[in-house]
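Bear in mind that the values here come from a model prediction, so they are computed numbers and not experimental data. Hydrogens, waters and symmetry mates are skipped; everything else that's a heavy atom, side chains included, is used.
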Amino acid sequence: MRITTWNINSVRLRLAGLARVVEATRADVLCLQEIKVEDTGFPRAAVAAMGFPHMLVRGNKGYHGVAILSRVPLKPGPTRAWCGKEDGRHLAAKLKGGLEIHNFYVPAGGDEPDPRTNDKFAHKLAFLDEMTAWAKTLAPGRRILVGDLNVAPGENDVWSHKQLLDVVSHTPAETDRLRTLMTTAKWIDAVRHFVPEDERLYTWWSYRNRVWPGADRGRRLDHVWVTPPLAKKLVSAEVLREARGWSSPSDHVPVTVELAL
DNA sequence: ATGGTTGCATGGCAA
């Protein structure tokens, strides 16, 4: 089974890009973030025609929003109002064999990395803390967590560790929380499972400053994690870097992990 | 230090 996560940054604007991603990744399950549309406006017919008749959608008008598209049947899994908000930042799906997939879109956090002066950053930290509390409640099982976590945890997940230590997405407050979340349910980073820690790897490049592709000032914000029972099932991991160079690109590229289930 | 781009919606905010 191939599972892909992609922050599509408007599903309606990027339907052609979605078709290209489907072809390039050969995804069986495709988790989207930032669909930027209400549930009723989601392009269900077009997505079904791409080979994904099964879909879960949790959208908002204009902002946020997540979806899980699948070639195989799935049922809605447990979710909640994270941080008491109905934001469209999480969807869960249950597949055959007791497999559970969680698709997250963690708050970006704004510009100022100070929770006292920046409500968005406070929200982001609280959201990560709540994810850790949630992870503590999980029974052992076959579980996959994917999404735009908006945190680049490792030194080689950013183009300059030193220059980004005070930049939202790579501050110790965030990277410490992500590591705590990861160890809480013994999550395994399925991408770093295949790519050595000392190798630079990015999934997002800003729209600003036209830094793509020359300067390659990227960050690894998009992740696929699995629980220990799935570790030995991991086959491969791929970052579709070239998608950043497509016409009318998202600022994020798809990340795909294959499991032998 | 500042400003840089994109999407939604048509203001200015979110990212």
Side-chain angles (χ1 to χ4, degrees), chain A residues 5-21 31-43 46-47 57-67 82-90 103-115 117-128 146-153 157-160 162-171 173-175 178 202-223 241-255:
Chain A
T5 179
W6 187 32
N7 180 320
I8 192 171
N9 190 16
S10 171
V11 69
R12 290 175 295 174
L13 193 74
R14 240 172 293 286
L15 267 183
L18 182 61
R20 288 186 79 172
V21 164
C31 296
L32 300 177
Q33 303 87 34
E34 283 208 90
I35 58 174
K36 292 190 173 179
V37 68
E38 289 171 296
D39 295 6
T40 50
F42 193 83
V47 167
V57 180
R58 185 167 177 190
N60 292 103
K61 185 183 177 70
Y63 305 104
H64 314 320
V66 289
W82 296 86
C83 295
K85 299 172 190 285
E86 298 287 351
D87 262 354
R89 296 189 179 274
H90 176 238
N103 179 17
F104 280 98
Y105 174 50
V106 172
D111 291 329
E112 178 62 41
D114 184 345
T117 56
N118 175 5
D119 291 344
K120 291 179 199 160
F121 194 68
H123 179 209
K124 181 177 196 173
L125 299 185
F127 196 99
L128 291 168
V146 312
D148 176 4
L149 305 185
N150 265 317
V151 180
D157 294 334
V158 290
W159 62 274
S160 169
K162 283 185 180 173
Q163 290 186 69
L164 288 172
L165 273 171
D166 293 328
V167 174
V168 172
S169 73
H170 194 61
T171 66
E174 297 161 88
T175 56
L178 207 71
Y202 315 135
T203 65
W204 173 90
W205 295 260
S206 173
Y207 283 129
R208 304 179 198 183
N209 289 335
R210 305 184 184 281
V211 295
W212 169 270
D216 199 18
R217 294 186 171 186
R219 306 177 203 170
R220 191 169 74 104
L221 305 180
D222 304 273
H223 301 272
R241 185 183 159 93
E242 68 192 55
R244 187 61 179 82
W246 293 353
S247 64
S248 187
S250 168
D251 44 355
H252 296 252
V253 299
V255 180

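Atom CD of E112(A) and atom P of dA14(B) are 16 Å apart (whole Å). K36(A) places its NZ atom 10 Å from the P atom of dA9(B), with the value rounded to the nearest Å. Straight-line distance from the CG atom of D222(A) to the P atom of dA15(B): 15 Å, rounded to whole Å. Note: OH (Y63(A)) to P (dA15(B)) measures 9 Å, nearest angstrom. Rounded to whole angstrom, the span from the CD atom of E38(A) across to the C1' atom of dG7(B) amounts to 16 Å. Atom CD in E34(A) sits roughly 10 Å away from atom P in dC8(B) (whole-Å rounding). The distance between atom NE2 of H64(A) and atom P of dC13(B), rounded to the nearest whole Å, is 14 Å. Distance, R208(A) CZ to dT5(B) C1': 7 Å, rounded to whole Å.
On the P atoms, dT6(B) is 23 Å away from dT2(B), given to the nearest whole Å. Taking atom C1' in both dG11(B) and dG7(B), one finds a spacing of 14 Å when rounded to whole Å. With both ends at atom P, the span from dA9(B) to dA15(B) equals 15 Å, rounded to whole Å.
Within 4.0 Å of R89(A), counting heavy atoms only, lie sugar-phosphate atoms of the nucleic acid but no base atom.
Listed nucleotides dG7(B), dA9(B), dA15(B) differ in distance to K61(A); the shortest reach to its side chain belongs to dA9(B). When distances are taken from the side chain of R12(A) to each of dA14(B), dA9(B), dA15(B), the shortest belongs to dA9(B).
None of T5(A), N7(A), D148(A) except one satisfies the side chain to side chain donor-acceptor pair (under 3.5 Å) rule with Q33(A); the exception is T5(A).
Salt bridge status for R58(A) with E86(A): present, with a side-chain N to carboxylate O gap under 4.0 Å. Using a cut-off of 4.0 Å between Lys/Arg side-chain N and Asp/Glu carboxylate O, D216(A) and R244(A) are scored as not salt-bridged.
Residue R217(A) has no polar side-chain atom (N or O) positioned under 4.0 Å from OP1 or OP2 of dG4(B).
Judged by closest nucleotide on DNA chain B, V11(A) is the one of Y105(A) and V11(A) placed further toward the 5' end. Comparing Y207(A) and K120(A) along DNA chain B, the residue whose closest nucleotide (by nearest heavy atom) sits nearer the 5' end is Y207(A).
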Subject >> Candidate pair D87(A) and K85(A), rule salt bridge (charged side-chain N to carboxylate O under 4.0 Å, His left out), full reasoning >> reply: CA-CA 5 Å; D87(A) 262 354; K85(A) 299 172 190 285; 5.6 Å; no
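Shown here for E112(A) and V168(A), the closest heavy-atom pair between the two residues is C-CG2, 4.1 Å.
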